[in-house]
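Take a look at the structure below.
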Amino acid sequence: MTTSPPRPAPIDGETLVDWFAATARPLPWRAPGVTGWGVLVSETMLQQTPVNRVLPIWEEWMRRWPRPSDLAAASQGEVLRAWGKLGYPRRAQRLHQAAAAIAADHGDVVPADVDTLLALPGIGAYTARAVAAFAYGKRVPVVDTNVRRVVARAVHGAGDAGPPSTTRDLADVDALLPAEDAPAAALSAALMELGQVVCAVRSPACERCPIAADCAWQHAGRPAYAGPPKKVQKFAGTDRQVRGKLLDVLRDSPGPVRREQLDAVWSDAGQRDRCLDSLLVDGLVEQTDDDRFALPGEH
DNA sequence: AACCCGTGGCC
DNA sequence: TGGCCAAGGGT
């Protein structure tokens, strides 16, 4: 069949890469000489956490633990303290575990192969490809929430991305990448940056967009998002909030604390106990011989 | 697929 | 104020 005309490429990769080269923020993990380890730490910290909050913590971690084996040698409690209030402390716990595996099984060097990365704790579809592309310059589709939004708008003409589908999302982005490793990796970085600083969720800065002339969403008159409603998770009153309060007490204490100190942070005793139990099960908290509670390895 | 997992800033 | 969002991953 030849009746289907070729669809014009809505994303001009070279234009986008040039724009990135001229305007990219000088984030420290993008600096020359940053290792795969530095990139992995940054990508893990950036999961669901804004850049500005990650910056000082990443600097501290790189100074303190410049290699995976350095982090692996630290106690879990030290790692959780250094993670501070970045949120989702299980990310820190899994990064600690990944560091131990990298030190033991991969010569203390973060792997460059996507499947090898995926086998490490806390590294999923996004982070594995981000490390392969940004640390090692590989041609792999890197799909995060920003890239999904850019593709939804520029390629599909929709107001925003619908529900994620790893397989379809990877294929969409793969189709945009040039054949060679280096330019593909450069485009991956540029797509993410565009989604963050220009093609934003609210009030996108289309007047500053380097590819606005080819954007399907522009041509369609910038229609509003028409997909299924996105579910927003509650936080106030949830176990997540209570676990955070409990852990905050332990982070603020130099050593083990008594049960009463933990009881003070939440009035609902049933929920409090359930959350403390879950933290013990998760290995984020340990109970001492005298029935006090501490961060793992700190008693 | 749907739900759980922290934290803080913005409008 | 409270919904919404932020470079996701695990189950």
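Each chain gets a letter, A, B and so on, in the order the sequences are listed, and its residues count up from 1.
Across all strands, A:P163 comes closer than 4.0 Å to no nucleic acid atom at all (heavy-atom distances). Residue contacts for A:A236: at a heavy-atom cut-off of 4.0 Å it reaches no nucleic acid atom on any strand shown. Counting any heavy atom pair closer than 4.0 Å across all strands shown, A:K230 reaches no nucleic acid atom. A:G124 comes within contact range of the sugar-phosphate backbone alone, with a heavy-atom separation under 4.0 Å but no base atom that close. Residue A:L27 is in base contact, counting any heavy-atom pair closer than 4.0 Å across all strands shown. Heavy atoms of A:W83 sit nowhere under 4.0 angstrom from any nucleic acid atom. Contact annotation for A:R148: no contact, since no heavy-atom pair falls under 4.0 Å across all strands.
For the pair A:R272 and A:W266, the cation-pi test (distance below 6.0 Å, angle within 45°) is failed.
The distance between atom NZ of A:K234 and atom P of B:dA2, rounded to the nearest whole Å, is 18 Å. What separates CG of A:L86 from P of B:dG9 is a distance of 13 Å, to the nearest Å.
A:R259 has no carboxylate O lying under 4.0 Å from a charged side-chain N of A:D291, or vice versa, which leaves the two without a salt bridge. In this structure, A:E78 does not pair ionically with A:R81, as no charged nitrogen and carboxylate oxygen lie closer than 4.0 Å. Under the 4.0 Å criterion applied to side-chain N and carboxylate O atoms, A:D282 and A:R90 are assigned as salt-bridge partners. No salt bridge links A:D277 with A:R274; every basic N to acidic carboxylate O contact stays at or beyond 4.0 Å. Salt-bridge formation is not detected for the pair A:K245/A:D248: no Lys NZ or Arg NE/NH1/NH2 atom is positioned less than 4.0 Å from an Asp or Glu carboxylate oxygen. Ion pairing between A:D181 and A:K138 fails under the 4.0 Å rule for side-chain N and carboxylate O.
A gap of 22 Å separates the P atoms of C:dG9 and B:dG8, to the nearest Å. C:dT1 and B:dG6 have their P atoms separated by 25 Å, given to the nearest Å. Between the P atoms of B:dC4 and C:dA7, the separation comes to 23 Å (whole Å).
Think of the region where chain A sits on DNA chain C: with heavy atoms and a 4.0 Å cut, that region ends 5' and 3' at C:dG3 to C:dG10.
Contacts between residues 239-278 of chain A and DNA chain C, defined by a heavy-atom separation under 4.0 Å, are absent. For the segment residues 38-63 of chain A, the set of residues with a heavy atom within less than 4.0 Å of an atom of DNA chain B comprises A:Q48, A:T49, A:R53, in numerical order. In the region residues 188-204 of chain A, proximity to DNA chain C at under 4.0 angstrom, judged on heavy atoms, holds for A:M192, A:Q196, A:V201, A:R202.
Between the side chain of A:Q241 and the backbone N or O of A:G237 there is at least one donor-acceptor pair closer than 3.5 Å.
Annotation for A:R258: atom CZ does not count as buried by contact number, only 12 or fewer foreign heavy atoms lying within 6.0 Å.
Between the side chains of A:H219 and A:D214, no donor-acceptor pair of N or O atoms lies under 3.5 Å.
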Pair up each side-chain donor or acceptor in residues 125-132 of chain A with any protein partner under 3.5 Å, not counting sequence neighbours, and list the distances.
| unit_1 | atom_1 | unit_2 | atom_2 | d |
| --- | --- | --- | --- | --- |
| A:Y126 | OH | A:E43 | OE1 | 2.5 |
| A:T127 | OG1 | A:Q47 | NE2 | 2.9 |
| A:R129 | NH1 | A:A125 | O | 3.1 |

Which atom pairs, donor and acceptor, lie under 3.5 Å between side-chain atoms of residues 94-104 of chain A and protein residues at least two apart or in another chain?
| unit_1 | atom_1 | unit_2 | atom_2 | d |
| --- | --- | --- | --- | --- |
| A:H96 | NE2 | A:L71 | O | 3.3 |
| A:H96 | NE2 | A:A74 | O | 3.0 |

Evaluation steps, ring pair (Phe, Tyr, Trp, His ring centres under 6.0 Å), between A:W37 and A:W65: CA-CA 10 Å; A:W37 172 239; A:W65 298 308; 8.9 Å; no

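Contact annotation: A:K85 does not reach the phosphate of B:dG6 (side-chain N/O to OP1 or OP2, under 4.0 Å).
Each of A:N146, A:L16, A:V142 was compared with A:L191 under the side-chain contact (heavy atoms from CB on, under 4.5 Å) criterion, and only A:L16 meets it.
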